[in-house]
Structures are given as structure tokens and as C-alpha cells.
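Heads up: the structure comes next, in C-alpha cells.
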Number of protein chains: 2
Amino acid sequence: MLSKKKTGVTITDVARLAGVSTATAGRVLGDYGYSSREKREKVLSAAQALGYRPNLLARSLITGRTKTIGVVAGDIQSPFYASILRGISNVAERNDFGLIITNSDENIEHEIRSVRLLLEKQVDGMIVSPCDPEGGEHLVSVVAAGIPIVQIDRQVHSLGADFVGVDNKQGAHDAVARLLAQGHRRIGMIGELGYGDWSIEEFFALASAPSYASDSLYPSWQRLHGYVEAHREAGVPLDPMLIGRSRSYSAQGAQHQAQMLLSNKSRPTALFTADGLMTEGTMAAVAESDLALPDDLSVICFDDLDWMGFVRPRLDAVAQPRGAMGEAAAQLLLDRIAGNDEPEKRIVMRTRQIVRGSVAPPRALPGQAVSVTGQ
Amino acid sequence: MLSKKKTGVTITDVARLAGVSTATAGRVLGDYGYSSREKREKVLSAAQALGYRPNLLARSLITGRTKTIGVVAGDIQSPFYASILRGISNVAERNDFGLIITNSDENIEHEIRSVRLLLEKQVDGMIVSPCDPEGGEHLVSVVAAGIPIVQIDRQVHSLGADFVGVDNKQGAHDAVARLLAQGHRRIGMIGELGYGDWSIEEFFALASAPSYASDSLYPSWQRLHGYVEAHREAGVPLDPMLIGRSRSYSAQGAQHQAQMLLSNKSRPTALFTADGLMTEGTMAAVAESDLALPDDLSVICFDDLDWMGFVRPRLDAVAQPRGAMGEAAAQLLLDRIAGNDEPEKRIVMRTRQIVRGSVAPPRALPGQAVSVTGQ
DNA sequence: CTGAAAGCGCTTACAG
DNA sequence: CTGAAAGCGCTTACAG
């Protein structure tokens with residue numbers, strides 16, 4: 001037995017009470033077209049008396065615009081997406097847009113399902129964090145249908161849609177360069193590094209070329225590129241054994257990789273983590289170890305999370321402007337929805353190095369000679 | 001200049017290509033009513049060929065149901081709401097429902113605006129975390145209009161809508177009792193404690209009566225009630241000076257309250273924080289102090305956040321089943337939408353004490369005699 | 001099982 | 001400035 005939803009007050013009811021046509025009532029209530037002050041007041045007070053609320057569905061069916069944007073996030077529960085969503089939500093509310101939110105869980109089937117739902121709900125545009133750089137046919141067809149997409153954090157090759165992200169290479173480069181300047185020579189990195197048909201060795205070879213461009217790669221690879229560049233500039237040789245590749249966005253995977261790295265007899269003296277989830281897994285591994293930060297191990301994390309400011313030691317981080325990324329993406333999308341047809345835009349935002357005390361010069365490890373050169 | 005949205009393929013197009021009426025096409029595509037295998041196949045292949053996607057707006061306009069639920073959260077960026085939303089989202093996706101999300105920012109005007117938007121978007125039901133226990137007229141009118149509401153975490157008095165929350169009193173009681181059992185006699189609490197027309201002294205007097213019921217109060221007051229009960233059971237006198245009342249959901253406010261408490265010459269030897277945000281502020285204050293956990297100060301936090309498991313020392317917490325709360329609320333709402341008209345339901349979920357090492361017996365403070373009784 | 005017709009609640013030309 | 005009419009893309013009785 002379905003509960004029968006009361007068919008609320010309609011524009012027809014208002015028009016009848018006000019003694020005008022539905023067209024006139026519509027013009028007043030929808031604030032389009034002309035209306036005399038007299039009719040206007042009649043309609044308004046009738047609407048008030050009846051408690052009229054417009055049915056946006058009906059309006060959208062005609063206008064072809066829903067004033068709704070859809071989002072496909074990786075996982076709305078993660079601090080990264082939660083902050084981005086907040087930024088998107090701010091802009092949406094400010095512009096009287098609704099927001100439909102879905103998760104892909106980094107699964108292409110889910111992503112396709114989400115996009116279909118958003119399409120059927122007739123969103124005016126979408127913000128998507130695509131989970132497969134190569135699997136974007138479903139997105140191509142959205143764009144082809146004239147529905148704007150803004151990609152966030154990650155992108156599909158040759159989709160030709162706007163993009164908002166951060167300068168991953170620069171952020172990682174600066175963090176790793178700081179560790180190198182402190183004298184670290186064995187710097188571990190824990191990253192997702194999932195897509196990519198190459199081994200770490202092969203990527204090192206590619207990325208060592210000064211002309212190598214990683215712009216279209218996934219964030220963790222761009223961050224590894226920054227790692228490589230910092231090493232090249234410092235003249236420090238690369239060691240593939242120092243790279244922990246979790247291959248999926250999972251704290252457990254990262255924890256496992258960090259444990260492996262730290263239990264090695266020639267363990268790294270510093271760790272660079274490639275995102276929030278990798279940081280959580282890595283810190284869990286560190287907490288289980290006997291290592292004291294920063295004396296036994298220096299750490300810098302990509303993405304600054306709330307708690308990093310009040311644990312001991314406080315953790316150094318590469319901060320991404322997550323809220324601003326969401327706002328920029330939403331604003332760009334609204335511009336597109338409003339008809340802005342300038343060429344494809346790429347907004348690459350700057351990261352910020354946050355120094356708090358989780359970096360110190362390396363100490364000599366048992367059985368190892370460490371030459372501290374520093375800056 | 002508005003970009004003209006291409007009016008996609010409609011059921012009329014499909015019907016024409018398939019050589020059937022729109023009614024028949026609708027029956028096949030919408031999977032309602034009868035259809036012969038022959039027509040069915042024709043319609044399906046025509047739809048496939050044209051790339052038909054139903055326009056859910058049109059369907060909803062007729063059926064009066066949008067298969068969409070709306071959520072009014074406090075702040076989707078907080079880990080508390082982010083997890084709840086994930087739970088809601090899981091159930092929604094599983095049932096092919098869309099999800100429209102808004103924030104109230106604990107501001108009644110925003111909440112009213114959000115509810116209006118959801119109403120105009122014709123959601124089939126709402127999940128709301130109301131920000132004012134007394135200000136619920138806008139919610140009353142929603143329920144009166146036949147649109148089900150499930151309240152989460154907090155509730156409006158006498159709204160007569162379902163509710164999903166946790167046993168705040170019990171959770172707080174057990175945490176504080178554990179501190180008392182360790183010998184703590186001066187236990188501070190940092191909480192929002194915003195609504196309520198009483199002072200802490202007055203509340204202590206009220207809540208000391210064994211028959212006092214705090215079920216309809218805001219969570220932080222219920223948690224303070226648990227604090228009071230644990231003290232009464234242990235025969236430990238209450239001291240209003242030990243309660244830091246931030247009066248708003250703000251980490252800064254909590255930090256300030258914690259600083260005040262900790263800088264007092266007869267400072268507490270243990271702290272109980274009443275929610276995630278209070279914990280963040282409190283931990284910031286602790287990080288700035290000279291106090292070492294757990295030797296100088298024991299801590300238990302209400303709400304278990306990811307990072308509490310891998311900081312040092314790991315933090316003890318009262319875990320709320322946030323994801324399950326969201327799932328339960330969404331499931332209950334879907335039941336109501338499906339027509340379940342049983343009497344108002346209250347789902348009160350259990351918390352779980354998580355012991356990790358941030359609690360130890362108190363040490364004597366300079367200039368104070370401490371009698372450790374504990375077990 | 002199928003089709004013609006009406007209609008959901010609005011907005012949009014089009015006359016006046 | 002206003003109203004009668006048509007129509008957005010579907011679903012729903014109602015005949016057949």
C-alpha cells in the first residue's frame with residue numbers, strides 16, 4: 001500500500017483564487033514576463049494564503065534546465081572529497097542550484113551507473129573525478145549531448161572537458177627537495193600508483209628526461225614525477241625499492257607497503273606519502289614500529305588533514321586547497337551551463353608546503369654510514 | 001547566450017521507429033503494463049538504436065514520486081556527517097534512489113532554506129539533523145504534507161517523526177566511569193552544550209535526580225547526563241568548573257575551553273570530549289601544553305575518528321556506528337516512502353568503548369594530594 | 001495485449 | 001499587460 005502523496009497546491013489553484021489565468025499566475029510566481037501591480041498582488045496573496053510552492057519538476061520539463069548539478073566523487077566519506085563537496089555545495093547553494101551526489105568507489109561500473117542516473121535526473125552539468133583515465137566513453141557521450149562536465153583531481157585523456165586540479169609535480173618536488181636538503185638520501189614514497197603500464201624502473205627512466213610531461217597522468221604518478229625531479233636536481237640516485245606501490249586507494253595497502261619499506265634493513269630515513277589514505281596507512285605502520293618521529297624517521301604527507309596539526313609531532317604536509325578546488329569546479333561548471341563556450345579550461349591550483357616538525361636530518365642507522373651533507 | 005540543451009531522444013521517437021504507440025513504448029520502456037514479446041523486442045531495439053534515456057522528470061511529474069531523498073546535514077565536510085552520508089548513499093544507490101544533499105551549518109535559516117529547496121525538488125522524503133530542538137514548524141508542515149522525515153542524531157520536540165541516534169548517556173557514562181575507576185576525581189568535559197536554558201549548576205541539580213530523562217535533549221547534554229550519572233554512582237562530587245561549554249560547534253571554542261581548564265591550578269587529570277569537533281579543539285590545546293598523554297592527562301573522546309588509531313598515544317574513544325546510523329535512517333525512510341505507517345519509530349544504537357592507551361591512573365599534581373583508589 | 005486520448009504542473013509563443 | 005491554447009515527456013485509465 002503506497003502512501004498517497006497529497007498533490008499540493010498548484011498554480012491553477014492560485015490562479016483561480018486570484019481570479020486570473022494560469023498564465024498570469026505563472027508570470028508572477030515564476031517572475032518572468034510582465035504583470036501589473038494589481039494582478040501581481042492578487043496572485044501573491046493568493047499564493048501566500050494557499051501555501052503555494054512551485055513544482056520545479058514541471059518547470060524543468062519545459063525549460064529543459066533543472067538547476068541541478070550532479071557530482072561523481074570517489075568516496076564522499078574521505079576528507080578529500082568531503083572538503084571538495086563542501087566547496088561545490090557552497091557555490092551551488094549560493095546560486096540556488098541543487099546538488100545530487102554519487103560515489104564511484106573508484107569502480108568504473110559504478111561510475112557509469114552514476115553518470116546514467118545523473119543523466120536521467122536531467123542535471124544541467126556534472127563534476128566528475130573519473131576513475132579510469134582510459135575509460136571515458138560514457139563521459140564523451142555526455143559531453144556530446146551538450147551537457148558540460150568539469151573534471152576534478154583526475155582526468156580522462158582526450159575528453160576535451162574542463163579540469164580543476166593541483167600542481168602535483170611541483171608540490172611533491174618541493175616536499176622531496178626539502179627532505180633531500182636535510183640530508184636524506186633514502187626517501188621512501190607510498191603511493192597508489194595504480195594505472196600505468198610501466199614498472200617503477202621504467203617510469204624512473206621515462207621521468208628522468210627533463211622534457212617528460214606527466215600532466216595527463218594520474219595524481220600519484222605526477223607526484224612520483226616530482227619525486228624523480230627533486231632527486232635528479234640533487235644528484236641523488238633513484239632506487240625503485242624505495243617506492244611502495246599500493247595499486248589501490250586503500251589504507252591497508254599503504255600500511256602493508258610502509259611496513260615492508262620500514263622493516264627493510266636499509267630502510268628509508270624519510271617517507272613521502274602521496275595522499276590522505278596513503279598517509280593513514282603509513283602512519284598506522286609507523287605507530288606499530290619503534291620509530292620516533294622525526295628523529296628516526298622524517299615524514300611529509302601530500303594533502304593536509306585536520307589532525308596533522310595536533311598530533312605529536314605535528315606532521316608536515318603539502319596542502320591542497322580542497323574547498324577552493326570544489327568552488328572553482330562548480331563555478332566553472334555554472335559558467336558553462338550559462339553558455340560560456342570558451343575553449344577547454346585547465347585550472348591548476350598551487351599547493352602549499354606546511355612545516356610543522358616532522359622533518360629532521362637523518363641519523364646514522366646501525367650498520368650504515370650516512371654522510372649528512374644538508375644545505 | 002544560453003547553450004541550448006539538445007532535447008534528447010524521447011519515447012515518441014522510439015515509438016515511431018518501432019512502429020508502435022507511445023503508450024506501448026512506455027509500457028515496455030517503463031516496465032509497467034503488458035506487452036507482447038514481439039512489440040517488446042521492437043521497442044527495445046529501437047530504444048537501443050536511438051540511445052534512448054528516460055526523462056525521469058516527466059515520469060515523476062505524473063507518478064508524483066521522484067525516487068529521490070533529500071538530506072539536511074549539519075556540515076557534510078565533518079567526518080561525522082561524511083560517514084552518515086556514506087551510509088545513506090549506500091542504501092539510496094542500492095534502491096535506485098537519488099540523493100540531494102544540503103548543509104544547515106547549524107543555522108536555522110539555512111535549514112529552512114534547505115527544506116524548501118528539497119520540497120520544491122519534490123523529494124519523496126528527507127533525512128534531517130535539525131539544528132534547533134524548538135524551531136521545527138517548517139518540519140511540521142513537511143510531515144503534514146505527507147512527506148516522511150527521519151531525524152538523525154538530534155530531534156525536534158514533538159515533531160512526531162522517526163529518529164535514529166545513539167545512546168549518548170550510556171556511552172558517556174561508560175567512558176567517564178572508566179576514568180573514575182582509574183582513580184580520576186577531577187574529570188573535565190569539553191562539550192558544545194549550546195541549547196538549554198540552564199546553567200551547568202542547574203543542570204547538575206536536575207540530572208542528579210535518578211528519574212531524570214534526557215532523551216529529548218541535544219546530544220551533548222545527554223552526554224553530560226551520563227557524566228553526572230557516573231559521578232553519582234561513584235560518589236564523586238560534581239564541580240561545574242570542570243565543564244567547558246563551547247556553546248557552538250567550533251574547534252576554536254573547544255580549544256579555548258580546554259586551555260582554560262588545563263591552565264587552572266587545580267586542573268583536571270582527565271578529559272572527556274563530547275564530539276569530534278570538541279576533540280579536535282581539545283587536542284590542539286593539549287598539543288600546545290606540556291602535558292604528556294596518558295601520564296599527565298587521560299583522554300577519552302566521544303566519536304571515534306580515523307586518526308585516533310595511529311597517533312601516539314592512540315586515543316580511547318566512544319565509537320558511534322555512523323555508517324550504520326545513515327543506513328538505518330535511509331532504510332527507515334524508504335520504508336515510510338513505501339507506505340509503512342506504523343507508529344513513530346526511535347532507533348537508538350549502541351556505542352562501543354574503544355580502549356587504546358590514552359587512559360592511565362592520575363599522578364599527584366604539584367601541590368595536590370591525590371588519593372588513588374581505583375582498581 | 002494495444003492505441004487514442006487525457007493529463008501531471010508548469011511555461012511559452014501568440015493574439016489581443 | 002493578459003488570457004486561451006499548445007506542449008514539455010512521460011503514464012494512466014479506458015476502450016477495444
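- In summary, the side chains of A/R59 and A/N55 do not present any donor paired with an acceptor at a separation below 3.5 Å, with no hydrogens or angles considered.
- With distances taken from any side-chain atom of B/A23 to the nucleotides D/dG3, C/dC1, C/dG3, the minimum falls on C/dG3.
- Between B/L99 and B/E93 the shortest side-chain heavy-atom distance does not fall below 4.5 Å.
- Rounded to whole Å, atom C1' of D/dC10 lies 15 Å from atom CG of B/D31.
- Inter-residue side-chain proximity for B/I69 and B/V123 is flagged as unmet; no heavy-atom pair is nearer than 4.5 Å.
- Stem analysis of DNA chain D (at least three stacked-register Watson-Crick or G-U pairs, each with both distances under 3.5 Å) gives C:1-3 with D:14-16, C:5-12 with D:5-12, C:14-16 with D:1-3.
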Pair A/Q331-A/N90, side chain to side chain contact (heavy atoms under 4.5 Å, CB included): steps then yes or no: CA-CA 10 Å; A/Q331 194 54 64; A/N90 289 344; over 6 Å; no
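- When each of B/S35 and A/L56 is assigned the nucleotide of DNA chain C bearing its nearest heavy atom, the one mapping closer to the 5' terminus is B/S35.
- Taking atom CD1 on A/I62 and atom P on C/dT11, their separation rounds to 6 Å, with Å as the unit.
- A donor atom on one side chain and an acceptor atom on the other are found under 3.5 Å apart for B/K121 and A/T68.
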**Step-by-step salt bridge (Lys or Arg N to Asp or Glu O under 4.0 Å) determination, A/R37 to A/E41** = CA-CA 6 Å; A/R37 169 194 287 264; A/E41 281 170 1; 3.8 Å; yes
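- Per the geometry, CG belonging to B/L57 stands 12 Å off P belonging to D/dT11, to the nearest Å.
- Atom CZ in A/R40 sits roughly 15 Å away from atom C1' in D/dT2 (whole-Å rounding).
- When atom types are taken as modelled, the side chain of B/D162 and the backbone of B/K345 share a donor-acceptor pair closer than 3.5 angstrom.
- For the pair B/L61 CG and C/dG7 C1', the interatomic distance rounds to 9 Å; values are reported in whole Å.
- We find that CZ of A/R65 is positioned 14 Å from P of C/dT11, with the value rounded to whole Å.
- Closest to the side chain of A/N55, out of C/dT2, C/dG9, D/dC1, is C/dG9.
- Of the candidate nucleotides D/dC10, C/dC1, D/dG3, D/dG3 has the atom nearest to the side chain of A/V20.
- Between D/dC1, D/dG7, D/dG9, one nucleotide has an atom nearer to the side chain of B/A58 than all others, and that is D/dG9.
- Shown here for B/S35 and B/V28, the closest heavy-atom pair between the two residues is CB-CG2, 3.8 Å.
- The listed nucleotides are C/dA4, D/dA4, C/dT2; the one nearest the side chain of B/T24 is C/dT2.
- The side chain of A/Y34 lies closest to D/dC1, out of C/dG9, D/dC10, D/dC1.
- Regarding contacts with the backbone of D/dG3, a side-chain N or O of A/S21 is found under 4.0 angstrom from either OP1 or OP2.
- The side chain of B/S36 lies closest to C/dC1 when the candidates are C/dC1, D/dC10, D/dC1.
- Taking the side chain of A/R27 as heavy atoms from C-beta on, and the options C/dT11, C/dA13, D/dT11, the nearest nucleotide is C/dA13.
- Contact annotation: A/Y32 does not reach the phosphate of C/dT12 (side-chain N/O to OP1 or OP2, under 4.0 Å).
- As a whole-Å value, the separation of A/I11 CD1 from C/dT11 C1' is 8 Å.
- C/dG7 atom P lies 22 Å from atom CZ of B/R59, rounded to whole Å.
- Across all strands, A/R53 comes closer than 4.0 Å only to sugar-phosphate atoms, never to a base (heavy-atom distances).
- Distance from the side chain of B/K39 is smallest to C/dG3 among D/dT11, C/dG9, C/dG3.
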